[in-house]
Amino acid sequence: MSYNGLLHKYGNLLQLPAHTRPITLLEGDTPLISAPNLARALGGGFELFIKYEGLNPTGSFKDRGMTAAISEAAGREVKTVICASTGNTAASAAAYAARAGMKAIVLIPQGKVAAGKLAGAVAYGGQVVQIDGSFDDALGMVVQISEKHPISLVNSINPFRIEGQKTSAFEICDTLGSAPDWLCLPVGNAGNITAYWAGFQQYNNLRWTGLPRILGVQAAGSAPLVLGHPVEKPETVATAIRIGKPARGEQALQAAEESDGRIIAATDEEILHMQNQLAMLEGIWVEPASAAGLAGLAKEIAAGQFAAQGKRIVAVCTGHGMKDPDIITQGMGKPKIVPPRLDALEEVIL
Ligand code: AN7
């Protein structure tokens, strides 16, 4: 059977208005990849799977929510959409808006957006505006603009974004036959953790798939949900989750509590180390923020605070490594240059 995108496959489980007109890039249906080498490196004795959301059409999980938000807007003949973004939402909004014949305006925090994301937003024809401030400042501005002008907001405050993003929980249950014991994922503006928890609960009510415990992980320099208060100047190498005032923070805390899970912080060093381990041990390259869930898991296991034995654990890797090539290339030396002679090559590689 051919795959026609998320709304076609799961639309009957999503609360979308009747006017919704599907705009799809065949997002979703991402692989759940087993990660036995990494599991072993973390101590072993449990099953580990990566939900590789970097394989969505624009390279991140945002496409799940964006197909829903843009499809709903398209059904209302919306001409212009707007979002604030640390980068991935911007690229996704621009792509789906392009396909729907809409204009996309994206506000990004100045100088803190990874190259692959900015390039995407521009390539898809989005109007990119840099704000001399943080993501949180930009989000406040797009909320006000969308109240004042006929411009639709496609940040995850938009409820249809959450509806679309629930589908990843459905897919995980469909693939495994039930919910995993634990789900680990990065937390920024907290839309995704909210969507996963809603999705798992809905599927459990329908199909008795069970519920996972949720481990949400923030970057230590941007960890308002761990600290219990907003962070005025969030900082982290994981720029995707450089967010100090998560819009759905309350719901994230609720998801952690109701699922008997928790929200913790991982340092930049831990995040980058995990990005490296995942790529080198499993051949899965994700952007720094996407390694945060796994970094948190590793930290909990190492601290003896996590009974992993016999468990089935899914880590959501939200964005592709190619989104942020600089983080890799700026730290490496130049590859060695050899003359075009076999003996010179042999000298270097043998
Ligand atoms: C790779 O693009 O907020 O907790 O503006 O790009 O739902 O915000 C991105 C967030 C995790 C956090 N991983 O998800 C944006 C933006 C990656 C991300 C998150 C983001 P939420």
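All values derive from a computational prediction rather than experimental measurement. Each ligand, and each atom within it, is numbered from 1 in the order the structure gives.
At distances below 3.5 Å, at least one donor-acceptor pair connects side-chain atoms of Ser85 with backbone N or O atoms of Ala90.
Residue Leu32 shares its hydrophobic cluster (ILVMFWY side chains chained together at separations under 4.5 Å) with Phe49, Ile172, Leu176, Leu183, Leu185, Val187, Ile193, Tyr196, Trp197, Phe200, Leu211, Ile214, Leu225, Val226, Leu253, Ile263, Val314, Val316.
Annotation: salt bridge (charged side-chain N to carboxylate O under 4.0 Å, His left out) contacts involving residues 84-111, sequence neighbours excluded, are absent. Screening residues 333-350 for side-chain hydrogen bond (donor to acceptor under 3.5 Å, both in side chains), with sequence neighbours left out, gives Arg341-Asp343.
The only option from Val286, Leu42, Leu297 that meets the side chain to side chain contact (heavy atoms under 4.5 Å, CB included) definition with Met274 turns out to be Leu42.
For the residue pair Glu287 and His320, no side-chain donor N or O sits within less than 3.5 Å of a side-chain acceptor on the partner.
If you look at ligand 1, the protein residues with a non-hydrogen atom under 4.0 Å away are Phe61, Lys62, Ala84, Ser85, Thr86, Gly87, Asn88, Thr89, Phe135, Pro186, Val187, Gly188, Asn189, Ala190, Gly191, Asn192, Ala240, Ile241, Ile243, Glu287, Ser290, Thr318, Gly319.
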